[in-house]
Amino acid sequence: MELKTEPFVLNMGPQHPSTHGVFRMRLVLDGEVIVDVEPVFGYLHRGIEKLAEGCNYAQFIPYTDRLDYLASMTNNFAYVLTVEKLAGIKVPERAEYLRVIMAELMRIASHLMAVGFLLNDMGAFFTPLMYMFREREKILDLFDMVCGQRLTYNYMRIGGVSHDIPEEFLPALRRFLSEMPHFIDEYDQLLAENEILLARTKGIGILPRELAINSSASGPVLRASGVNWDIRKVDPYSVYDRFQFDIPLGTVGDTYDRYRVRIEEMRQSVRILKQAIEQLPDGEIRSKVPARLRPPAGEAYGHIEGPKGELGFYIVSDNSPNPYRLRIRPPALLNLTALRDLIVGWKIADAVVIFGSIDICLGEVDR
Amino acid sequence: MAIGLEHYLILSAILFSIGVYGVLAKRNAVAILMSIEIMLNAVNIAMVAFSRYIVPALLTGQVFAIFIMTVAAAEAAVGLAIIIAIYRSRQTVDVEKINLMKW
Amino acid sequence: MGVAIAFWVLAAVSVASALAVVITRDIFRAALFLVLCFLTIAGIYITLGADFLAAVQVLIYIGAISVLIIFAIMLTREAQRGSPSNRLRLPALAIGVLLLATLVFAVLVTPWNVVVPLPEAEPTTAGIAARLFDLEGGFVLPFEIVSVLLLAAAIGAIVLARDR
Amino acid sequence: MGVWDFIYNLFPRLYELTSAALGGLPTWASYLILGLIGIVLILFFVILVVMLFVWFERRLVGRFQIRLGPNRAGPAGLFQPIADVIKLLLKESFTPSKADRWVYFLAPVVAVVPAFLIFAVVPIQGGAGGILVDLNIGILYIVAISTISVVGVFMAGWGSSNKYSLVGAMRTVAQMVSYEVPLVLSIIGVVLIAGSLSMVTIVKEQAVPFILLQPLGFLIFFLGSLAEINRSPFDLLEAESEIVAGFHTEYPGIWFAIFFLAEYGHALAVSAIVTTLFLGGWMGPGLPPYLWFFIKVLLVFSVMLWLRSTLPRFRVDQLMGFAWKYLFPLALVNIFITGFEAILWPDFPWPIILVNILVMGVLIVLWSRFFPLEEGFRLERYGIGIAKGMALTFKHLFRRPITVQYPEQRLTPSRRFRGNELVLDLGRCTGCGACVRACPLNIIHLETRRGPEKGLIVERFDVEAGRCMYCGLCVESCPVGCLFMGRSYERATYRLEELTVGMDRLTAPDRKPSAYAHPEMEKEMPEQTLLAPPKGVH
């Protein structure tokens, strides 16, 4: 029985348990049904793009950690990749492999959090989240081992990485890789067939293929809509062309597909990691780069497939030690473009779940 | 002083009169409905009191009271549905403004 | 003795809350007073030895009808406008008082055929059931009719309230 | 008449003792005093058990989530609820400025009183003294009383004039009114078999627990009561991730505590009612009856917690669909079948158990298969997915918790750990200023003067630790290796001026350097603690 009532405005956020930070949605409700939404963000704006103009190229790396703080490694990666493209720096092979290992570990960690918080928003009271925290903890331990930090890694350097891996790293990583498929199976067992979860996600918040492309969505959100677009495949960077892996695709583009795509991507990341360990060459980890790098005047756009989508850096250089202009293509913000189309017509509870399935990180949205 | 049938009947009469006043004097349709419920309850008190004091073995009054409650529930459901339907088309539940036979 | 005290307290509260229902301008509070009124009437049923009826009173009037009324208040958002009286307030008052006087008069002058001595109040659940479904002099047909009425009311309410 | 007999029949004996002691008083006085004692006992019982339940819930859910749960206050964290209550009592009590004050403050009271009233008719032992009043309409009384708390929730939602509260209240009404229907209908099955509404009679009739005779009724009743008391997966009206805290969003301190008490009081009540109606109440071999009763109550509550720590929650329309399209027709069919059986086999012989379980299975499969809860959604897997998930959480109950008991138990960070401090070896420092140039934040302040021989003497080396992000670029850039990251992660201060760390503190001996960018030191560093795999894996 649908009762029509007067629309009223519900201000969801910026302090709200499930807006993943300080995001705000101004919802216009008709009963429980959302008739309009106005996303408001910028509460976490720190002007990182402007700050870059005051740093030299090496100094900006720690700032990139603070974009998407759940995937700092890939932020580092995208930035140094762009600078290397701009300055034409060759990276030693071992460093490339280390970068790929770190990026794929980071992807697993980020997807664990994305799925965990999505389930939490659905009301699965922290249990899946705790299980996923446990696996993420192991990844963070590995990161701590190589770069001495658990959240803000500052690991990649222009022309390589800051440290070689310690000797206990590879055994620990191997153990993690042998356990991880088992745990992914467990996550599937926990909720993937759960009737309530299916009811809450199947057919909810469908992002059609056309809309996904038109709103320049990327990453799992785009692939869940059935678009085979993964920068690791379509524009291979680093050494990704040397690995065998599949791109999991959704069919419908609903919340369930976005959830499944992330789970499958974790499996694929494990696959890549196993190959990367096999192929890992010895050698240098960092090529010689001057401390105050002065790239030739010009511009470069480098992009990678981050956990949340296409993470790009666009840098303009005027041959000074500082970037003339730096612009970040934040996947989380651009994935939010379609938010209104996704949410309108659904209920508050769906809005939370759809929003969770986009997987944003406010550090990146607001920069 | 022991409580007798008259006490209950007078209580019932008072509540009924209050209900009548509410029905006549209120503008809000929901308030009118609430007054009607009070009247029905007043009648129920009288029924149960009669049952207790006049035919204690038969419980006829209580059976009647149950029927009244059922009817009251039906009345409340339909009444409120009508009020909501009116509200939807007229944006008001003020009975003085609801004076057209057709809308 | 105990019954007398209980009756006076309950009667006073029920009359006061019923008055509050028709006097209060805030319709949400009026609905809450209505809940109180229903509750005290359930108490009055207990003083009359009607335990089953008291429970049913709470269940139906508070659990269902009051909740429906409050729901309607929330849906119609009439609370901001309140529940004012209309122009008929004084005539209505007069009618109410007159009616009350007549009723009281009738109650007091009628020679009630009260059973003396009053038997002890007994649990009524089984008694009511027996009376309802007694094949001779029972209420099976009315019971069925009421069931149909409820069904009709439920369907009618859905049809009326549905968004067209 | 031994000690064992006294313990076994604790409540009837206590009742006899008290009535004997009150023998000299007039009847009404002893009646009054006994009643008062009963009421006080129930108050204490409910509040104590609620506290125990809160503790139990947090511990058990903790174990489901491979955590430890509260374990600091008192033995095994038993005093944690007391600490919580004290905290809540000491909190500032405020009222939203636009709240309807009367409604706002009465709401918690209206919500909590029914929770206590229910216990008046819950028998914890046979005989006098095991129950406060054995009403002959016992179960009807419970159903009626528990509806009153809806009004309290309603008042809270309306009175606090907050939109989240209002949405929460609207959900409550819809939910509670809907689930009452299957709930009451499922009770009828029990009443048909027991032939009475009285709780004591219902228990006495259960030579075979009614859960076996009424498996479907039990399922409907249990799910329905979960919805009535807003427990997961039906905890919509306080769905944290959606509407913050639902109807009690605006309630501070003690008022919130009362709502909390009401909620857990209802949970306790539902556990007790399920025990009484379906699990044979106090009956059981060996142990004293009240202990049996309590064990069963705890068991039912544990199942609630198990569900809570496994399942996501329904959406509001699915919830209504579940009540009206799934539970309601099943409850009706259940009444039919039970009535049929009551006429055919009035004394319910044991094969009925098998028949009923079979019937339940068939009905659930039928309904899951053919009746969509909403368009396009059926419970096609008959709950197997849910069962799988629950099996997994149950397995985690026996896995090692990953909790680290922090101040006592410390994990060793990695050898290259970048703690929140810097360490300076002044002897080696040449004052070259490479670190100053490397710092992205310009927070290293270095002043030097020319020394008597070659080189520079460092006069001032300040780090604004409040702004430092410990990126380690300064350490990496140091050409002579005199700067280190510290190993501590616990530096903190209350004073702003202490955040500017000078030379004396950078070189202080309590600062232990880590091997970050100092590979030569790595060998002597302690080994990093890694998270071990849980038991049962490999």
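So you know, we letter chains A, B, ... as the sequences are listed, proteins then strands, and number each from 1. Source: prediction; values computed, not measured. What you see below is based on every heavy atom in this structure, not just the backbone, and it leaves out hydrogens, waters and symmetry mates.
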If you count the non-hydrogen atoms of other residues, nucleotides and ligands that lie under 6.0 Å from CZ in Phe105(D), is the total more than 12?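 Yes - once you tally the heavy atoms of other residues, nucleotides and ligands closer than 6.0 Å, there are more than 12.
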Near Phe33(C) CZ, under 6.0 Å, is it more than 12 heavy atoms from other residues, nucleotides or ligands? no
Chain C: which of Val150(D), Leu140(D), Val184(D) shares the most heavy-atom pairs with it under 4.5 Å?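 Heavy-atom pairs under 4.5 Å are most numerous for Leu140(D).
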Only pairs of heavy atoms separated by less than 4.5 Å count here; which of Val110(D), Val151(D), Leu197(D) has the most with chain C? Val151(D)
Using non-hydrogen atoms and a 4.5 Å limit, figure out which bit of Leu32(C) sits close to chain D: side chain, backbone, both or neither.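 Just its side chain gets close to chain D.
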Gap separating the OG atom of Ser149(D) from the CD1 atom of Ile62(C), nearest 0.5 angstrom: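 Spacing of OG (Ser149(D)) from CD1 (Ile62(C)) equals 11.0 Å.
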Partner chain D: residue of Val56(C), Val67(C), Val35(C) with the largest heavy-atom pair count (under 4.5 Å):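 So the answer, after comparing Val56(C), Val67(C), Val35(C), is Val67(C).
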List the steps and the verdict of side chain to side chain contact (heavy atoms under 4.5 Å, CB included) for Leu39(C) and Ile148(D). CA-CA 9 Å; Leu39(C) 202 61; Ile148(D) 296 181; 3.8 Å; yes
Look at the rings of Phe28(C) and Trp158(D) and say which category their plane angle falls in: under 30° parallel, 30 to 60° tilted, over 60° perpendicular.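 Taking Trp158(D) first and then Phe28(C), their aromatic rings lie parallel (interplane angle under 30°).
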Atom of Ala55(C), atom of Ile137(D) and distance for their closest heavy-atom approach: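 The answer is CB-CD1, 3.7 Å.
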Tell me, side chain or backbone of Leu106(D) under 4.5 Å from chain C's heavy atoms, or both, or neither?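 Contact with chain C involves no heavy atom of Leu106(D) at all.
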Heavy-atom distance under 4.5 Å to chain C: side chain of Val143(D), backbone, both or neither? both
